[in-house]
Structures are given as C-alpha cells and as structure tokens.
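Notes for the one structure printed next.
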Amino acid sequence: MDAEIPKKVESVRWVGDTSGRLVLVDQTRLPLEFVERTCEEVSDVWEAIRALRVRGAPAIGIAAAYGVCLGMRPHVAAPRRAFLESLDSVHAYLASSRPTAVNLFWALDRMRDAARRMPDTEPLDPLRRLLDEATAIHAEDRETCRAIGRNGASLFADGQGVLTHCNAGGLATSEYGTALAVLFTAQDQGKRLRVFVDETRPLLQGARLTAWELGRRGIPATLICDSMAAQVMRERKVHAVIVGADRIAANGDTANKIGTYGLAVLAHAHGIPFHVAAPCSTFDWDLPDGDGIPIEERAAEEITEGFGRRTAPYGVDVYNPAFDVTPARFISAIVTERAVIQPVTAERIARVLGSR
Ligand code: MRU
C-alpha cells in the first residue's frame, strides 16, 4: 500500500484547467488505505467536507475554493448579474457544510469578492478568474505553513517532549501543516523531539492521521488516549503542548478539536507552555471573544458506534460537540505566518496582526 503513496502528500489538488476536477486524499480511509477521491460536482465537495474526507481548517478552505469553481461551471455563460446570484447560492451551499472552521468562510468570501471585482467589460472567462483565485489561496497556504514552521520552531528545544491533539499537519492544510509544521521545522533544525499524540476521540484524527504523518517524517511519536495526558504531564514527559486552531477570536480565545480546552487547563496546572499555531485566516475579527464561536455538533453514532462497532447501549442520550473553546489566558503563544504572538491578548494580537 505504502508504495502508492507519493513522497509529498497533497491533501487537495486541482487537476486540469477550468474544465478540471478536484482530487482529495480521503482522510477517512487513512492510515490503512491511501485513497484519492475525485470531485466533479460541487455536491461532491460539500459531502467530502461534511464527512471529513477533507478536514482541518485550512484544507477545508482550499477545497471549498475549488468547490466554487465546480459549482459555477454550469453558470459560466450566464449574464453577470445572474452569474453573481448563482455564486451567492454556491457560497451559501458550501458554507453550510461545517460551521466552526472560519477558514471555510474566509475562502468562500475571497472567491465571491474576486468574482464581484471583475468589471463588466472583463474579457477574462469568469471561471478562469475563479480558478486563479482558488489556486492563489492554495499557493498562499503552502507559503503560510512554511512561515508558521519557521516562526514557531524556536519555541522548542532539543530533547523535549511535546504533546499534540487532533491533526494539524500536512493533511489538514495544503501539505506542511501548522502545529506539525513547527515540529517538522524544529526537526529539520536538528532538534530531536518526542511527540505524544492524543488519539483524539471520537474520530481519532491523532491516532489515524498525526501518528501516520509523524511516522512518515521519522519523528518519534507515542500514541496515548486523550485521558492519559494528565498522567504524562505529571510524569514530566511533556515540556510543551502545541495544537492547531479552527477559529480564533480577536482576544485570542481559540476553538479547536474537542479536548483541546481540557489539555490547556492541564498544561496550565502543570506549568507547561500551551501553544497554538494557525494562519491569520483563522482569526475571526468579527468576534471579540470565543463565546460567539459556533460549535459543530456531530452525529451520536460517532461516539456510540465509531468505526462500525457498537460500544454503547441503544437509546443512550449522547452529546457530541466537535470543538471546544480554549480561553486566551491558557494560551502561551499563537504562532502565525507573520509572527509569534506572545502574550496572547487582544491588544497584542491587534498590534502584531493589525486586522484583515
Ligand atoms: O474536525 P476536524 O478534523 O476538521 O478538526 C480539525 C482540527 O481541529 C484541527 O486541529 C484544526 O483544524 C487545525 S488544522 C491545521
């Protein structure tokens, strides 16, 4: 199976020109199978995002941008006004796939703005313009992830133990990651790190995806159940925590995969730095704090019969929030492509990043 896996895995790629298609690594099949899935219609992209075939905030945004290209293809010959109205519908449709990662809405807004900016007399095919914008979003993410890696690597020292949660690696972005990019760059600088990987209940992004990515890069990784983090910290095996983010409010409150908040509290209790790595596109400047971040609730079956085996009694009541919000006061630093924000306060964020 591994022989078929390209050396550089791209979670999302566009094949062809304006009549082309979107190809995604189907992340629900990893780590046992490396399978790519082709999206020819916008509904394929919606389903892939909803079902977490493509997942991770930046990757969702990139996929959605290409999804707009697919969704607008049937409308290419429409007059400008009708074209833009259809674009509003495609935007709303893709925006309904998942609620929490703000990169989805950021990318969709960029696509719509790009189309709206086209003058009436524009000789360019509108699909060409949309594909150019999607390609730009994709290319910028590659650069962004490398810069996050460079900016964050100095937070880690040779020989440290690091804990991460969920998957904020190449699969969750264009190809290099956010939280994992920092660890990849530290490794490239010769620092030897041991990474503790939370399995990340209920969908096991840590066990299935992060452990797989770290293994491919030769970074020593130790898988633990989420509930083991406190003990591992108590045993002083972990010197820092680093995670990604799905949405960061203007004051630094951060939504990320469910379980992140608990880890931050544990890190605080043990005096361990807790870092977040994310692109500027993950900041939601409209939200003063994390209270307004929409938290996705997912199907009960993800908990009661995850991966096909029933593990809870039939009829049991289930609550399955997919994300939680970590208050800024528990976050030591936010690593972005522009700079490391430390301390994490509204004033510091505004000073370092300005606004959108
Ligand atoms: O539900 P998921 O797997 O899409 O959740 C993903 C996360 O929570 C990631 O940590 C986050 O998107 C950062 S990805 C660089």
Side-chain angles (χ1 to χ4, degrees), residues 6 8-26 36-50 53-98 101-147 170 172-176 279-282 337 356:
K8 190 169 91 175
V9 169
E10 286 189 287
S11 58
V12 173
R13 61 195 170 92
W14 181 264
V15 178
D17 209 334
T18 50
S19 59
R21 59 199 181 278
L22 177 64
V23 178
L24 309 167
V25 175
D26 186 342
E36 289 193 316
R37 199 175 174 95
T38 299
C39 299
E40 307 266 7
E41 311 275 340
V42 64
S43 55
D44 299 333
V45 180
W46 188 96
E47 189 278 339
I49 295 173
R50 182 77 200 143
R53 301 184 196 289
V54 59
R55 49 143 301 282
I60 292 172
I62 298 164
Y66 287 123
V68 170
C69 301
L70 295 174
M72 290 312 293
R73 208 182 263 163
H75 307 286
V76 64
R80 177 186 165 84
R81 197 182 156 146
F83 184 86
L84 291 179
E85 279 170 9
S86 301
L87 182 49
D88 285 343
S89 305
V90 169
H91 180 296
Y93 173 61
L94 284 166
S96 70
S97 57
R98 292 189 79 188
V102 77
N103 307 61
L104 170 67
F105 310 98
W106 169 86
L108 289 171
D109 288 353
R110 251 184 85 160
M111 294 297 286
R112 186 166 58 188
D113 290 349
R116 284 181 179 166
R117 274 199 311 272
M118 278 182 73
D120 256 345
T121 50
E122 179 74 69
L124 196 65
D125 167 3
L127 274 189
R128 176 78 260 156
R129 179 71 199 88
L130 288 174
L131 185 57
D132 285 350
E133 191 67 16
T135 309
I137 289 171
H138 195 174
E140 285 166 26
D141 188 71
R142 290 194 190 93
E143 291 304 313
T144 294
C145 289
R146 297 279 162 181
T173 61
S174 48
E175 50 100 11
Y176 197 57
C280 296
S281 52
T282 301
E337 67 273 34
R356 192 168 19 193

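Please read all numbers here as calculations on a predicted model, not as lab measurements.
Taken from CD in Glu143 to OH in Tyr176, the straight-line distance is 12.0 Å, to the nearest 0.5 Å. Considering OG of Ser11 and CZ of Arg53, their distance stands at 15.0 Å, rounded to 0.5 Å. Note that CZ of Arg13 and CZ of Arg21 are 8.0 Å apart. Values are rounded to the nearest 0.5 Å. Atom NE2 of residue His75 and atom CG of residue Leu87 lie 9.0 Å apart, to the nearest 0.5 angstrom. Rounding to the nearest 0.5 angstrom, the gap separating the NE2 atom in His91 from the OG atom in Ser89 is 11.0 Å. Here the straight-line distance linking atom CD of Glu40 with atom CG of Leu22 works out to 10.0 Å at 0.5 Å rounding.
In terms of heavy-atom proximity, Leu24 sits nearest to Ala63 at CD2-CB, 4.3 Å. Of all heavy-atom pairs between Leu104 and Ser97, the closest is CD2-OG, 3.7 Å. Nearest heavy-atom pair across Val45 and Gly67 is CG2-CA, 3.9 Å. In plain terms, the two heavy atoms of Pro126 and Phe83 that are nearest each other are CB-CZ, 3.6 Å. When all heavy atoms of Val9 and Pro6 are compared, the pair lying nearest together is CG2-O, 3.6 Å. Minimum interatomic distance between Val42 and Gly71 (heavy atoms only, all atoms of both residues): CB-CA, 3.6 Å.
Using modelled atom types, no side-chain atom of Arg73 and backbone atom of Leu127 make a donor-acceptor pair closer than 3.5 Å. In this structure, the side chain of Arg80 engages the main chain of Met118 through a donor-acceptor pair within 3.5 Å. No donor-acceptor distance shorter than 3.5 angstrom exists from the side chain of Trp106 to the backbone of Leu108, with no hydrogens or angles considered.
Val90 places none of its side-chain heavy atoms less than 4.5 Å from the side chain of Trp46. Here the side chains of Pro279 and Asn103 are in contact, with some heavy-atom distance below 4.5 Å.
Under the 4.0 Å criterion applied to side-chain N and carboxylate O atoms, Asp109 and Arg116 are not assigned as salt-bridge partners.
Every residue two or more places apart in sequence or in another chain that forms a side chain to side chain contact (heavy atoms under 4.5 Å, CB included) with Ser174 is listed here: Ile62, His138, Asp141, Arg142, Cys145. For Arg128, the side chain to side chain contact (heavy atoms under 4.5 Å, CB included) partners at least two apart in sequence or on another chain are Asp17, Thr18, Leu124, Asp125, Leu131, Asp132.
Put simply, the residue from Glu133, Met111, Arg129 that forms a side chain to side chain contact (heavy atoms under 4.5 Å, CB included) with Cys69 is Met111.
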